[in-house]
K.L.:
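Below you will find the structure I want to go over with you.
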Protein chains: 2
Amino acid sequence: METRHAKTVQTAGFKLTPPRQAVLTALESGDDHMTPAEVLARAQAIYPSLGRATVYRTLELLTNLGIVRPIFLGERGVCLTLAEGGHHHLICSDCGAVVEFDECPVSELEQELAERLNFQIRGHLLEFYGLCAQCQG
Amino acid sequence: METRHAKTVQTAGFKLTPPRQAVLTALESGDDHMTPAEVLARAQAIYPSLGRATVYRTLELLTNLGIVRPIFLGERGVCLTLAEGGHHHLICSDCGAVVEFDECPVSELEQELAERLNFQIRGHLLEFYGLCAQCQG
DNA sequence: CGATAATTGAGACCTGATCTCACTGAGACG
DNA sequence: CGTCTCAGTGAGATCAGGTCTCAATTATCG
Ligand SMILES: [Mn+2]
Ligand SMILES: [Mn+2]
Ligand SMILES: [Zn+2]
Ligand SMILES: [Zn+2]
């Protein structure tokens with residue numbers, strides 16, 4: 001019950017077990033683009049007997065609850081992020097370089113879509129892809 | 001040399017072979033969110049002896065050339081799209097529903113980032129995620 | 001405290017993706 | 001022409017993440 005999202009798990013009717021707490025802590029304290037393997041490693045550091053299947057099950061649960069969100073970073077494959085907020089990436093299709101940026105022209109649209117389509121929006125991903133300076137040919 | 005992107009392959013110094021043409025045609029004529037398996041099936045319909053490995057190799061080549069772009073649609077996994085242009089999705093974290101929308105508040109920012117960071121931008125992906133009307137609890 | 005149903009870890013299993021390797025065929029060159 | 005070279009290819013072996021199964025455990029509630 002100490003991690004930021006523990007209560008969401010409980011009020012949704014799921015048990016707040018040590019394995020789940022370990023996964024939550026791993027996600028909340030770690031880098032924001034962790035692969036499942038990295039989440040597993042981090043969470044096992046907290047709770048050593050943790051099994052791989054449990055991590056995948058927990059990630060699916062947290063995704064369904066809207067706490068976590070899988071995104072796909074070309075080179076790294078699927079990574080996990082906390083759902084809240086935005087991600088803004090510029091990605092080179094050739095070498096895979098990822099640049100993050102801060103500008104976000106999206107919030108008014110978010111508002112409007114949420115109302116029009118009756119969606120409860122938690123976060124977003126804005127990615128531009130193309131060729132970085134080095135890879136332009 | 002008949003498909004829309006054939007020339008790009010050639011001018012980059014790669015051979016425009018029948019297997020590659022088949023993959024290009026599959027991509028250009030098919031749905032815009034095809035899994036690798038669907039691309040394989042479609043391309044094999046055009047060129048039956050086509051092997052799986054060749055499809056993956058070609059998709060990687062086309063990705064590096066900036067023609068094609070893998071994106072990750074939660075439920076469906078990785079899908080391939082033509083890189084040019086934008087994708088705008090609203091995705092339910094719980095049931096996986098994907099709604100497409102048309103508004104795009106992104107082009108001015110695209111321009112600015114391209115100049116500032118010296119990127120040649122080909123396309124973008126804007127995804128909102130949250131809970132659809134049915135899945136809000 | 002039990003009762004009960006959810007949750008778990010180990011390991012078998014599956015499946016998509018990658019690698020290996022012998023082969024092909026389109027040019028380059030004499 | 002003949003021959004060399006080398007990018008490209010398909011078949012199939014292999015690999016690696018991810019999923020499933022199942023018996024054991026445990027959070028939660030009355
Ligand atoms: Mn990010
Ligand atoms: Mn789309
Ligand atoms: Zn690059
Ligand atoms: Zn939904």
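In this text the structure is predicted, and so the values were computed from the model without any measurement. In what follows, chains carry the letters A, B, and so on, assigned in the order in which the sequence lines appear, proteins first and then strands, with residues in each chain numbered from 1.
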K.L.:
Tell me the closest heavy-atom pair linking A/Leu50 and A/Pro19, and the distance in Å.
P.N.:
CD1-CB, 3.7 Å
K.L.:
Is there a donor-acceptor pair under 3.5 Å between the side chain of A/Gln136 and the backbone N or O of A/Leu131?
P.N.:
yes
K.L.:
Please work out if A/Arg20 contacts a base, only the sugar-phosphate, or nothing of the nucleic acid, heavy-atom cut-off 4.0 Å.
P.N.:
sugar-phosphate
K.L.:
Using the side-chain heavy atoms of B/Ala53, tell me which of these nucleotides is nearest: D/dT9, D/dA11, C/dG9.
P.N.:
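Within the option list, the nearest is D/dA11.
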K.L.:
Could you tell me the separation between the CZ atom of A/Arg52 and the C1' atom of C/dG11, rounded to a whole number of Å?
P.N.:
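Atom CZ in A/Arg52 sits about 8 Å away from atom C1' in C/dG11.
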K.L.:
How long is the straight-line distance from CD of B/Gln120 back to CZ of A/Phe128, given to the nearest 0.5 Å?
P.N.:
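A/Phe128 CZ to B/Gln120 CD: 14.5 Å, rounded to 0.5 Å.
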K.L.:
Roughly how many Å is it from CD in A/Gln44 to P in C/dA10, rounded to a whole number?
P.N.:
9 Å
K.L.:
To the nearest Å, how far apart are A/Phe72 CZ and D/dG17 P?
P.N.:
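For the pair A/Phe72 CZ and D/dG17 P, the rounded distance is 14 Å.
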K.L.:
Between A/Arg20 (side chain only) and A/Lys15 (backbone N and O only), is there a donor and an acceptor less than 3.5 Å apart?
P.N.:
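Here the side-chain-to-backbone pair exists.
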K.L.:
What is the minimum heavy-atom distance between B/Leu109 and A/Glu103, and which atoms define it?
P.N.:
CD1-CB, 3.7 Å
K.L.:
What's the CG-P distance between A/Leu62 and C/dT7, to the nearest Å?
P.N.:
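After rounding, the reported distance stands at 12 Å.
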K.L.:
What protein N or O atoms touch nucleotides 22-28 of chain D N or O atoms at under 3.5 angstrom, if any, and at what distances?
P.N.:
residue, atom, partner, partner atom, Å
D/dA27, N3, A/Lys15, NZ, 3.1

K.L.:
For B/Leu80 and C/dG16, what is the distance between atoms CG and P respectively, to the nearest whole Å?
P.N.:
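Distance, rounded to whole Å: 15 Å.
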K.L.:
Looking at B/Thr54, does any N or O in its side chain come under 4.0 Å of the phosphate oxygens OP1/OP2 on D/dG10?
P.N.:
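Yes, such a contact exists.
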K.L.:
Salt bridge between A/Arg4 and A/Glu84, side-chain N to carboxylate O under 4.0 Å?
P.N.:
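A salt bridge is absent here (no side-chain N lies under 4.0 Å from a carboxylate O).
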